[in-house]
Amino acid sequence: MKIRPIRGMNDVLPDDGALWSAVESAAQAVFDAYGYRQIRLPVMEHTELFSRSIGETTDIVQKEMYTFTDRSGASVTLRPEATASVVRAGLSHGLFHNRQQKLWCSGPMFRHERPQKARYRQFHQINLEAIGFAGPEVDAEVIIMSARIWERLGLESPRLELNSLGTPECRAGYREALQAYFSAAGDVLDAESRERLRRNPLRLLDSKDPRLRELIAGAPVLRGYLDDDSAAHFQRLTELLDDAGVAYTINPRLVRGLDYYTRTVFEWVTDRLGAQGAICSGGRYDGLVAQLGGRDTPAIGWAMGLERVVELMEEEGRRQPARPPHAYLVIAGDEARRRGLGIAETLRARVPGIRLTMDCAGGSFRSQLRRADRSGALLALILGDNELADNSLSIKPLREDLPQTLYSLEEAVAELLRVRDNSP
RNA sequence: GUGGGCGUAGCUCAGCAGGUAGAGCCCCGGAUUGUGGAUCCGGUCGUCGUGGGUUCGAGUCCCAUCGUCCACCCCA
């Protein structure tokens with residue numbers, strides 16, 4: 001029986017490696033520029049951490065977690081998201097004690113859902129978390145940072161949607177109003193929608209059911225239920241985004257799936273990834289730190305889906321150019337084969353940053369040269385008995401119609417330095 | 001969890017009144033005993049997803065099952 005990968009858990013193959021790195025380094029460059037520091041976290045936590053933070057009634061907790069009992073009998077869970085872990089780590093080590101933290105982290109997350117386009121059981125997120133800041137300036141900052149990442153990557157399709165959920169208190173009032181409104185509509189709702197109405201009526205607003213569209217359009221809007229502070233916070237945020245030139249649309253029906261969100265919520269969406277439009281989303285979670293046992297601490301963060309961004313890069317034709325070797329060392333003869341590795345080492349040491357591929361496959365001279373060509377290398381370095389005899393190296397340009405030249409090792413180093421400095 | 005599409009070589013795919021498996025790409029060797037890219041010649045690679053059924057005979061028809069993709073649900 002052939003060993004298969006686990007459903008929904010994908011291998012990122014070498015052809016995609018550069019694209020992934022490009023996305024990761026674009027994000028890291030932005031984090032550095034804004035003074036956010038990296039935190040690295042375990043992929044597993046006590047199950048309770050997630051059930052308490054994300055919310056017992058959410059789909060994530062109810063049916064999507066990879067939860068099992070470890071050998072000591074403890075219930076552990078592969079993290080379905082990172083924010084709870086960041087907060088837990090901060091509390092474990094006193095990082096939030098009388099101080100703020102600007103943090104980022106990345107890594108795999110796990111949700112047992114049915115895989116489909118841009119949705120997998122193991123997926124990767126980059127998270128940004130700013131903890132201990134109450135004002136709308138930090139809301140604007142984290143959103144601007146995400147916009148800068150799209151800029152660096154050359155992505156054009158992401159659109160920003162914004163909303164405010166207010167405080168838990170005003171949300172409760174809104175919730176009642178929604179329940180009253182939808183209950184009055186009565187039999188238009190199917191059993192599933194009724195269940196949602198009972199448990200989390202805000203989610204009904206997200207429904208794609210065309211029969212509900214009209215009903216949803218007429219539903220009360222959360223903004224009418226915002227308290228003055230939340231309304232002012234949101235107003236100020238929109239002004240800051242205007243000042244920064246970050247475009248957004250206010251989507252009064254944007255609610256998020258995790259229970260801990262308060263006030264600002266936002267989502268970067270694209271129409272180029274099928275049914276999965278959200279590539280980065282987040283919001284304020286002012287109650288979470290206290291809820292997990294810390295002091296009352298405001299916080300905001302976002303999570304970016306790496307697979308989604310990578311796929312979007314491909315959709316938008318932003319594939320990374322390959323980084324072929326500068327030079328490919330071709331060997332003729334047994335003695336040259338014996339010495340080749342050492343010469344390659346010398347060249348790499350003398351020409352820092354050179355990308356030099358050694359042909360380790362052997363075979364005929366002809367096929368080695370063919371591999372040199374197909375590797376995309378600019379130069380073939382040729383080492384055979386002739387070259388060994390007088391400590392020289394032949395260099396054959398593969399991308400230009402120039403003659404092959406026999407160089408001393410010193411001259412070859414100079415030539416490689418020149419090529420290194422004149423190519424990407 | 002529900003629905004639909006698709007499973008033939010490493011990759012892209014052809015094969016179908018049911019007659020015992022092919023092409024291109026890739027890889028290797030050669031034409032050119034140390035010279036790539038174009039051309040030509042040759043070669044390696046398949047339990048036709050798996051199991052059962054119908055049939056003299058199944059890649060082809062039927063059933064089941066697994067996988068995969070897309071969508072619903074939900075979300076990054």
Side-chain angles (χ1 to χ4, degrees), chain A residues 1-8 10 13 15 23 54 57-64 79-83 106-128 146 158 190 192-193 195-196 200 203 206-210 254-258 267-270 273-282 301-312 328 330-333 336 359 361-388 394-401 403-404 406:
Chain A
M1 199 204 299
K2 211 167 168 181
I3 298 179
R4 296 190 244 251
I6 295 176
R7 154 175 276 208
N10 300 122
L13 300 179
D15 283 348
V23 173
I54 298 169
T57 65
T58 60
D59 280 14
I60 293 177
V61 171
Q62 286 199 330
K63 50 189 196 196
E64 295 172 2
R79 62 183 181 189
E81 62 107 29
T83 301
S106 70
M109 308 294 156
F110 303 85
R111 290 183 201 170
H112 193 99
E113 303 177 86
R114 193 79 166 254
Q116 66 185 70
K117 187 174 178 62
R119 196 175 85 186
Y120 311 104
R121 289 184 173 178
Q122 173 173 333
F123 58 100
H124 297 78
Q125 288 186 340
I126 298 180
N127 276 74
L128 186 70
S146 53
D190 55 20
E192 213 177 284
S193 295
E195 181 57 21
R196 266 197 277 175
N200 196 344
R203 296 263 202 85
D206 253 349
S207 176
K208 287 181 200 163
D209 189 338
L254 175 65
V255 295
R256 314 261 34 266
L258 286 63
E267 206 163 79
W268 286 95
V269 295
T270 174
L273 289 181
Q276 271 61 242
I279 58 169
C280 174
S281 66
W302 53 245
M304 184 174 115
L306 258 178
E307 281 82 356
R308 290 185 181 179
V309 173
V310 166
E311 280 174 56
L312 184 58
Y328 191 106
V330 167
I331 301 289
D359 189 289
S364 69
F365 188 78
R366 169 194 169 75
S367 64
Q368 289 187 59
L369 209 53
R370 184 189 292 140
R371 280 195 292 269
D373 181 47
R374 291 185 184 176
S375 76
L378 299 172
L379 305 175
L381 309 184
I382 297 169
L383 185 66
D385 294 338
N386 298 344
E387 287 80 7
L388 280 182
S394 292
I395 298 187
K396 180 184 174 71
L398 295 174
R399 308 296 146 204
E400 290 173 288
D401 196 13
Q404 176 176 327
L406 186 68

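Note that the structure is a prediction, hence the values are computed from the model and not measured. Per chain, numbering begins at 1; letters A, B, ... match sequence-line order.
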Taken in chain and number order and not counting sequence neighbours, the residues that satisfy side chain to side chain donor-acceptor pair (under 3.5 Å) with Q404(A) are none
With a non-hydrogen cut-off below 4.0 angstrom, is A380(A) in contact with a base, only sugar-phosphate, or nothing? nothing
Pairing residues for E311(A) by the salt bridge (charged side-chain N to carboxylate O under 4.0 Å, His left out) criterion, not counting sequence neighbours: none
Contacts of K63(A) that satisfy salt bridge (charged side-chain N to carboxylate O under 4.0 Å, His left out) - sequence neighbours left out: D59(A)
Please tabulate the protein-to-nucleotide N/O contacts below 3.5 Å involving nucleotides 35-37 of chain B, giving atom names and distances.
residue: rU35(B); atom: O2; partner: K396(A); partner atom: NZ; Å: 3.3
residue: rU35(B); atom: O2; partner: Q404(A); partner atom: OE1; Å: 3.2
residue: rU35(B); atom: N3; partner: Q404(A); partner atom: OE1; Å: 2.4
residue: rU35(B); atom: N3; partner: Q404(A); partner atom: NE2; Å: 3.2
residue: rU35(B); atom: O4; partner: Q404(A); partner atom: OE1; Å: 3.4
residue: rU35(B); atom: O4; partner: Q404(A); partner atom: NE2; Å: 2.5
residue: rG36(B); atom: OP1; partner: R366(A); partner atom: NH1; Å: 3.4
residue: rG36(B); atom: O2'; partner: D373(A); partner atom: OD2; Å: 3.3
residue: rG36(B); atom: N1; partner: L398(A); partner atom: O; Å: 3.2
residue: rG36(B); atom: N2; partner: D373(A); partner atom: OD1; Å: 2.8
residue: rG36(B); atom: N2; partner: L398(A); partner atom: O; Å: 2.4
residue: rG36(B); atom: N3; partner: D373(A); partner atom: OD1; Å: 3.3
residue: rG37(B); atom: O4'; partner: D373(A); partner atom: OD2; Å: 3.1

Mind checking what makes side chain to side chain donor-acceptor pair (under 3.5 Å) contact with R399(A), not counting sequence neighbours? D373(A)
For R119(A), the side chain to side chain donor-acceptor pair (under 3.5 Å) test, sequence neighbours excluded, returns none
Partner set under salt bridge (charged side-chain N to carboxylate O under 4.0 Å, His left out) for R121(A), not counting sequence neighbours: none
All N/O pairs under 3.5 Å across the protein-nucleotides 1-5 of chain B interface:
residue: rU2(B); atom: O4; partner: R114(A); partner atom: NH1; Å: 2.6

What integer number of Å spans the C1' atoms of rG5(B) and rA23(B)? 25 Å
Which residues satisfy the side chain to side chain donor-acceptor pair (under 3.5 Å) test with S394(A), sequence neighbours excluded? E387(A)
Hits for side chain to side chain contact (heavy atoms under 4.5 Å, CB included) against P397(A), two or more places apart or cross-chain, chain-then-number order -> L379(A), L402(A)
Reading RNA chain B 5' to 3', how would its secondary structure be written in dot-bracket notation, given Watson-Crick and G-U pairs with both distances under 3.5 Å, brackets [ ] for crossing pairs and | for partners on other strands? (((((((..((((.....[..)))).(((((.......))))).....(((((..]....))))))))))))....
Does Q122(A) use its side chain to pair, donor to acceptor, with the backbone of P108(A) at less than 3.5 Å? no
Please determine whether any donor N or O and acceptor N or O are separated by less than 3.5 Å between the side chain of D385(A) and the base of rG34(B). no
Residues in side chain to side chain contact (heavy atoms under 4.5 Å, CB included) with V61(A), at least two apart? S51(A), I54(A), E56(A), T58(A), M65(A)
